[in-house]
Amino acid sequence: MDLKFSDREEAFRQEVKAFLDEAWPAEKRGSKTEFTRDNYLDWHRKLHARGWIAPAWPEEYGGTGWTPTQRYIFDKECAAADAFPILPFNISMVGPVIYTFGSDEQKERFLPPTLSGDIWWCQGYSEPGAGSDLASLRTRAVRDGDDYIVNGSKTWTTLAQYADWIFCLVRTDPNAGKKQQGISFLLIDMKSPGITVRPIITLGGDHEVNEVFFENVRVPADNLVGQENQGWTYAKFLLTHERSNIAGVHQSWRALDRLKQIAADKDLYGDAPSLMEDADFVRRIAETEIDLTALEFTELRALAREESGGGMGPESSLLKIRGTEIQQRISHMFLDAAGTYGLPFQRELGHKEAPPSNSQVGPDFAVETAARYFNMRKTTIYGGTNEIQRNIIAKMILGL
Amino acid sequence: MDLKFSDREEAFRQEVKAFLDEAWPAEKRGSKTEFTRDNYLDWHRKLHARGWIAPAWPEEYGGTGWTPTQRYIFDKECAAADAFPILPFNISMVGPVIYTFGSDEQKERFLPPTLSGDIWWCQGYSEPGAGSDLASLRTRAVRDGDDYIVNGSKTWTTLAQYADWIFCLVRTDPNAGKKQQGISFLLIDMKSPGITVRPIITLGGDHEVNEVFFENVRVPADNLVGQENQGWTYAKFLLTHERSNIAGVHQSWRALDRLKQIAADKDLYGDAPSLMEDADFVRRIAETEIDLTALEFTELRALAREESGGGMGPESSLLKIRGTEIQQRISHMFLDAAGTYGLPFQRELGHKEAPPSNSQVGPDFAVETAARYFNMRKTTIYGGTNEIQRNIIAKMILGL
Amino acid sequence: MNFDLTDEQEMIRESLSRFLRDRYDFEARGKIIRSEAGWNPEVWGQLAELGLMAVPFAEAHGGLDGGPTDIMVVMEELGRALVVEPYLPTVVLAGSILQAVGGTVAEELIPQIAGGELVMGLAYAEPRSRYDLFHVETTAEKTGDAYALAGHKSVVLAAPLAGRLIVSARTDGGTRDRDGIGLFLVDPQADGVTVKDYRTIDGFAAGDVILDKAPATLIGTQGEGLALLEMAVDRGIIACAAEMTGLAKRMTELTVDYTRQREQFGVPLSKQQVLQHTMADMFMAGEEMKSMAVRATALADADPEERAKAAAMAKVFIGKTGKFVGEAAVQLHGGMGITEEMAIGHYFMHATMLDTLFGNRDYHQRRYEMLTGLRKDAA
Amino acid sequence: MNFDLTDEQEMIRESLSRFLRDRYDFEARGKIIRSEAGWNPEVWGQLAELGLMAVPFAEAHGGLDGGPTDIMVVMEELGRALVVEPYLPTVVLAGSILQAVGGTVAEELIPQIAGGELVMGLAYAEPRSRYDLFHVETTAEKTGDAYALAGHKSVVLAAPLAGRLIVSARTDGGTRDRDGIGLFLVDPQADGVTVKDYRTIDGFAAGDVILDKAPATLIGTQGEGLALLEMAVDRGIIACAAEMTGLAKRMTELTVDYTRQREQFGVPLSKQQVLQHTMADMFMAGEEMKSMAVRATALADADPEERAKAAAMAKVFIGKTGKFVGEAAVQLHGGMGITEEMAIGHYFMHATMLDTLFGNRDYHQRRYEMLTGLRKDAA
């Protein structure tokens, strides 16, 4: 047992750091780069140019051939530099489905733009009213000559407003016995006539998710991935495929660092004692650091098992549960640090549901704290609620 | 709305205090009186002599006619004086069943010694392997002339080793449709041939509960309470009857007082800072005081509803859940206060299961802390686990 | 002991509850919080007609001679309906101070409040004061009988709607001295007053108030404003405890309803034992919160130390349990819980902000420890 | 990074695990803890034959040249079987000090430990020291080359069984000074030494040691004992983290088994979703505990500050999660869980005591805050 990084791993870390200093320099760090379509794509393309956009892919399709430990180091350094986390839709979701189950023609057509960012994918899984019961989907795709005609709707579609294409689960055989049967995996151009996108505004005013409606949308049958009615297999593959950084450990460490800086920033407190002189706040930080350390080493142990071929499996539920619990705790500490200045709504959101925002008050860091705390509630809901993750542990690991 | 005690209530409090100063004077307080059969009966008899042993009973059977608020005051003052809480078996359990469902002959025969303490009752409800599923009981009573012949066993029988009589649920009709049917309520003399008592030693070495075995025990049919096969009705009546002080609020306040004294006792710390100078310990005390205040006023509101005829009902589950959670927290704080001296086992228990205890070390208060913490785990298990109490709230109050 | 409401109190509760059901549903509220004004003066007038603004004031000032219990009844109902109209700053915060000060200022302003004509705000916080009421950097300079204020007041509820503000400012002493603080009446329309207005994230109109030689009138005794301020803020906290109770009970109802309707894997969510237990815990939290609100209300008129202890306790408790109930309610609503489209998220946001308002859980926990002597140090 | 055990370590685990399954089941253990002696020298000898006592020591002293990882493997297995034999005080606590000191004392004693012939104890706590290792009231007076100790040492594990004790005593400085503390070798049979022996509530032989002009030999450098003591206790803590992992995993297994067998209302308890989630949380706690044990083990040989931080962190974490797992296991066993008749209660008792041993959760949380500079004050 040896928990030190090897010389080779240490050299790799230096390589990553050097890349980040150039591609994501200091002036972009510290939440100074707003998340927009262009800013995100700029970063995506820099990683792509360096050949690092899809570390976990097989090398023949554009992967890096890194060990899980290298990926861990890469993720950690990127988080320490405040770089945008890579969105899962292209790299962890549709890409692996296409290179695993797609036709050669599909691989050739879709993989390069998926890697380069020329296609921005979004995910068409959830449907209104279905919640975590994904397989109960009702969006229909009916074969009509060389096309499918798609009718229905998808929801919680993250960043659909930016997307070029959507990968969808659709029902192609409504008469199949079990609800998991008769589902197909379809790639759909978002510019197809009959598609409309309705923004869903979340607490604090963010527009991150959408509902996507399909009304007689014509989709070439060439866009079917794999076999008709076998979509559930690919969907399950996708759900269990990429677990790297599922716990968000690196982002949480980085957030704690920022929180400690804020809590010690004398300018914010003047003659009053700073938050770092408040024993209760210090205790909360220390507890979180200790819990985060336990989580980090649990993830490292899981990565090591993966590296030695053991696979991750249902243990990933542990990482998801604990990771999201800690992210939520940290977002609450930020809110507490903002104090009264957590209350004002002063974000420029540019959509009609947002209440009027007229003035800028309080310290910069405080502006987003409440909205972020609200937004982080999603982490224990999306991707299978934490209740469902506990069901999985009980069933799959403990055999209950 | 007026939360002050009325002049009449204030006068009553003084009356109770005066009684306690005489019946349970200072030299008995502060855990200085060991719980033994004789010590307990001495206290029971003093209350009986004063006419205060059964405040909640109807006056015709020996009750005091107090309002719920008076009973609250009485309980609070008794706890503040460290007096033994009155055991439920005579006063809250079998007594009310007898005066509600018993024959005139049974009332005459049993109520006076039940009040006076001349009969010490124990409860024969739970059976091995049944847990909270009381109705699944298997102890049989078969009619034979003027007697029943009882065979079977009961468990978790508190202080059976002291008891003169046991009130038992027995199955008189094994062929009844539902398991709740065919059960009868029988009074059995513990001196009857065929009864044996096996001690159950709990964590920390206490002998508080027992298993009671019945082997062809002959019980006169006169000792059947109410109708044959209707016992479940009486059992349910008993379970929902007496809820006074179910939360143990007064005992918890008293325990917190003692804990604060200990934590501030300079003799225990010498040159080292006392526990009351430890911000984390202080925070835990303060949190518990605040939670206990919330519970106390929830109990007072429930008592007021009872007083105005609203009845307590399933809200008593709340009092049980929160009360036991707080009792357990306090017992853990005592253990933490004892520090290293929580470890030594140095109790004289006088039974063979106890490990050898050779030496007396550390402060007096520390001796019982670990055993008490272990023992308090029972509070969330006995009387319907806290899980079952939450089921009750979900079903009976929220209609889920 | 007696926990019963009087017939008059039951009447207030019923008429207010009926009015809000009819006129202040989720949709109506949505329009108000997205409007430029951020409140609905018509609703305000109707609430005044119901007698709401007059509740705690003396009959001589056009009031109904009510007490803390009446405020509790009102606040719990306002909480249930998530009302953003400025009742707390006007009637509870400013109203408590005016009533305590009495004299001509009370005679002039209370009838206007009671009649629904005047909205007020209490400007006590500052950018670096955190939750310490005694931390006052704003200065009050006396010239003749008049004062001129200079400083920056943070997050003043109702500031953009108010006809008058009560402002804490220092005539004497250092930034964090308990002495030397006065309370001043300021007209926000006057020269030297700038209101940087915004909406709070939970939908309330508020603003920062910048004072630059702003003309002001002293109310109460010079240098002794802190006691009044503490009283008003404790009253505000106690009112919030009742409001949080309303929020919590409504969140529990909404969650019970939602989980009964919503099926997953062919079964209503409400049949999952884990969710049942969470809802049982939500119910318990609501009941205990109510108990704390009742207790603090009963001590709202007690001596300052008892009142302060009761308020601190209640604030700790509603902060903790309000967070629990809000988070649980959102979690059980799943994705729908975090959209602006369902009421539950708005309850959750307001419950969260009520923890921050007047000082969060940690702050009042510390305050309780100091007030009870459990903690001796000043840190 | 590499979390793998070596083949030798896997072998130790397997042979120890097999031995304990065969020879140290619940019944066998029960006989030991109720015996007058409180341990089983025969078992001790067999464990020594397996090489257990030799694990961390140098080959020159008859050891196996193992390291902290080997100790981790051993302690986790000892935890799984709830072994009360004095491995921790002898091999980990005293062993660490002897190894670090080296010289003639190591040459004399380590071979005896490695051979299973010598049990030792470390006497560091005092009645008023709470968990502060530097709080030493016991004095050491020098006369010629010899020392005479006077004082009272609390709750010394294995004291009644030990052939030698290592005792902290002060040659210099005030009660709570970090300097002036020495470590001394004491023969508990000597004049001037009284061992007030007892059993800990979780079944371990221990005692208070009263020293009255007890003859003693200094080991290490006079006045610089604290660093050695801190090292040994941190090693002890790290060993306990592994032991707690063994306890937690075993408690989870026992609870899973019990709830699957036990029916209530006609259904196995294991089918109740609320209990399933509790067991999922127990599983997670065990996994995370293991991670903390692994991490602390990897830092057991690091510089004192890193080692101390890792030990403090691990102790906080196993204190918190061990309490959770123990309480949950008992709760899910229902009434049976709190009797002495089932193993689960004994695991719970030992898990509870491991939180107290070497300092509880609050203490090490504070220590972590000080070591990391999060907290500046000394309070």
Side-chain angles (χ1 to χ4, degrees), chain A residues 126 129-133 136 155-156 200-205 209 268-273 275 277-281 284 328 332 335-336 338-347 352-363 370-371 373-375 377-378 380-382 385-387 390-391, chain C residues 33-36 38 125 127-132 135 137 154-155 174-176 195-204 206-208 262-266 269 272 274-275 323 327 330-331 333-341 345-346 348-349 352-353 355-357 359-362 365-366 379:
Chain A
S126 298
S132 295
D133 184 8
S136 70
T155 194
W156 312 128
I200 298 175
I201 305 302
T202 49
L203 302 180
V209 289
L268 296 175
Y269 303 98
D271 297 336
L275 259 187
E277 294 163 69
D278 174 335
D280 293 318
F281 197 79
R284 287 165 68 189
Q328 292 183 343
H332 192 254
L335 182 60
D336 276 344
T340 312
Y341 277 121
L343 278 92
F345 183 88
Q346 38 185 334
R347 310 171 71 214
K352 69 178 172 29
E353 281 78 6
S357 161
N358 299 321
S359 313
Q360 169 80 41
V361 296
Y373 167 66
F374 298 144
N375 189 266
R377 305 313 307 168
K378 75 181 176 197
T380 51
I381 295 171
Y382 287 2
T385 64
N386 281 18
E387 286 81 5
R390 285 187 168 85
N391 288 349
Chain C
I33 64 171
R34 278 189 296 273
S35 69
E36 261 317 310
R128 299 193 291 195
S129 70
R130 225 171 144 75
Y131 306 118
D132 290 326
H135 182 121
E137 301 184 28
S154 305
V155 195
T175 301
R176 290 170 64 77
V195 176
K196 298 174 79 169
D197 71 307
Y198 44 78
R199 213 57 53 78
T200 63
I201 200 159
D202 49 343
F204 288 72
D208 275 29
R262 185 81 159 71
E263 298 210 344
Q264 206 163 78
F265 304 104
L269 285 177
Q272 292 200 32
V274 161
L275 308 190
K323 178 171 187 288
E327 290 184 351
V330 166
Q331 181 72 19
H333 275 77
M336 292 308 297
I338 57 168
T339 71
E340 298 230 333
E341 298 174 13
H346 295 265
F348 166 56
M349 289 199 285
T352 302
M353 290 301 134
D355 179 36
T356 289
L357 193 65
N360 67 355
R361 179 182 167 189
D362 280 356
Q365 164 101 25
R366 179 73 57 103

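Below, chain A is the first sequence line, B the second, and so on; all start at residue 1. Computed from heavy atoms alone, side chains included, the values below leave out hydrogens, waters and symmetry copies. Here the structure is a predicted model, which means the values were calculated and not measured.
- Looking at A:Leu343 and C:Tyr198, their side chains never come closer than 4.5 Å, going by heavy atoms from C-beta outward.
- Neither the backbone nor the side chain of C:Phe204 comes within less than 4.5 Å of any heavy atom in chain A.
- For a residue to count as touching a neighbouring chain, one of its non-hydrogen atoms must lie under 4.5 Å from one of that chain's; by this rule C:Asn360 touches chain A with the side chain only.
- Looking only at heavy-atom pairs under 4.5 Å with chain A, the residue among C:Gly266, C:Gly207, C:Ser154, C:Gly203 that has the most is C:Ser154.
- With a threshold of 4.5 angstrom between heavy atoms, A:Thr340 approaches chain C through its backbone and through its side chain.
- From A:Asp278, atom CG reaches atom CZ of C:Arg366 across 5.0 Å, with rounding to the nearest 0.5 Å.
- When each of A:Asn391, A:Val361, A:Asp280 is scored by its heavy-atom pairs under 4.5 Å with chain C, the top score falls to A:Val361.
- Using a 4.5 Å cut-off between heavy atoms, C:Val274 touches chain A through its side chain atoms alone.
- When A:Ala272, A:Gly270, A:Ser136 are compared by the number of non-hydrogen pairs under 4.5 Å with chain C, A:Ala272 comes out ahead.
- Side-chain atoms of A:Arg377 never come within 3.5 Å of backbone atoms of C:Gln331 as a donor-acceptor pair (strictly under, hydrogens ignored).
- Comparing C:Lys196, C:Glu327, C:Glu341 by heavy-atom pairs within less than 4.5 Å of chain A, the highest count is held by C:Glu327.
- Here the shortest heavy-atom pairing between A:Tyr382 and C:Gly335 reads CE1-CA, 4.3 Å.
- By the 4.5 Å heavy-atom criterion applied to side chains, A:Tyr341 and C:Val155 are counted as neighbours.
- Note on C:Gly174, C:Gly38, C:Pro127: by heavy-atom pairs under 4.5 Å with chain A, the leading option is C:Pro127.
- Between chain A and the residues C:Arg361, C:Met336, C:Lys323, the largest count of heavy-atom pairs under 4.5 Å involves C:Lys323.
- Once rounded to the nearest 0.5 Å, the distance linking NE2 of C:His346 with CG of A:Leu203 reads 6.5 Å.
- Between A:Pro273 and C:Arg176, the shortest heavy-atom distance links the atoms CD-NH2, 3.5 Å.
- The candidate with the highest count of non-hydrogen atom pairs below 4.5 Å against chain C, out of A:Val209, A:Leu268, A:Thr385, is A:Leu268.
- Scored by the ring-ring contact (aromatic ring centres under 6.0 Å, His included) test, A:His332 finds A:Tyr373 as partners (sequence neighbours excluded).
- The two residues C:Gln264 and A:Ala130 make their nearest non-hydrogen contact at NE2-O, 3.6 Å.
- With sequence neighbours excluded, no residue forms a ring-ring contact (aromatic ring centres under 6.0 Å, His included) with A:Tyr269.
- C:Asp208 contributes atom CG, which lies 10.5 Å from atom CD of A:Gln360 (distance to the nearest 0.5 angstrom).
- The distance from atom CG of A:Asp271 to atom CZ of C:Arg128, rounded to the nearest 0.5 Å, is 7.0 Å.
- Residues C:Arg130 and A:Asp336 approach most closely at NH2-O, 2.6 Å, considering heavy atoms.
- Atoms CE and CG, on C:Met353 and A:Leu335 in that order, are 5.0 Å from each other to the nearest 0.5 Å.
- One finds the CG atom of A:Asp133 at 9.0 Å from the CZ atom of C:Arg262 (value rounded to the nearest 0.5 Å).
- C:Thr352 touches chain A through its side chain: at least one heavy atom from C-beta onward sits under 4.5 Å away, while N, CA, C and O do not.
- Contacts between A:Arg284 and chain C at a heavy-atom distance below 4.5 Å involve the side chain alone, from C-beta outward.
- When every heavy atom of A:Gly339 is checked against every heavy atom of C:Thr356, the shortest pair comes out as O-CG2, 3.2 Å.
- Checking each of C:Ile33, C:Ile201, C:Thr200 against A:Phe345 for a side chain to side chain contact (heavy atoms under 4.5 Å, CB included) leaves exactly one that passes, namely C:Ile201.
- Residue with the most contacts toward chain C among A:Gln328, A:Lys378, A:Glu387, A:Arg390: A:Glu387 (heavy-atom pairs, distance under 4.5 Å).
- Using a 4.5 Å cut-off between heavy atoms, C:Glu137 makes no contact with chain A at all.
- Contacts between C:Asp355 and chain A at a heavy-atom distance below 4.5 Å involve the side chain alone, from C-beta outward.
- C:Leu275 touches chain A through its side chain: at least one heavy atom from C-beta onward sits under 4.5 Å away, while N, CA, C and O do not.
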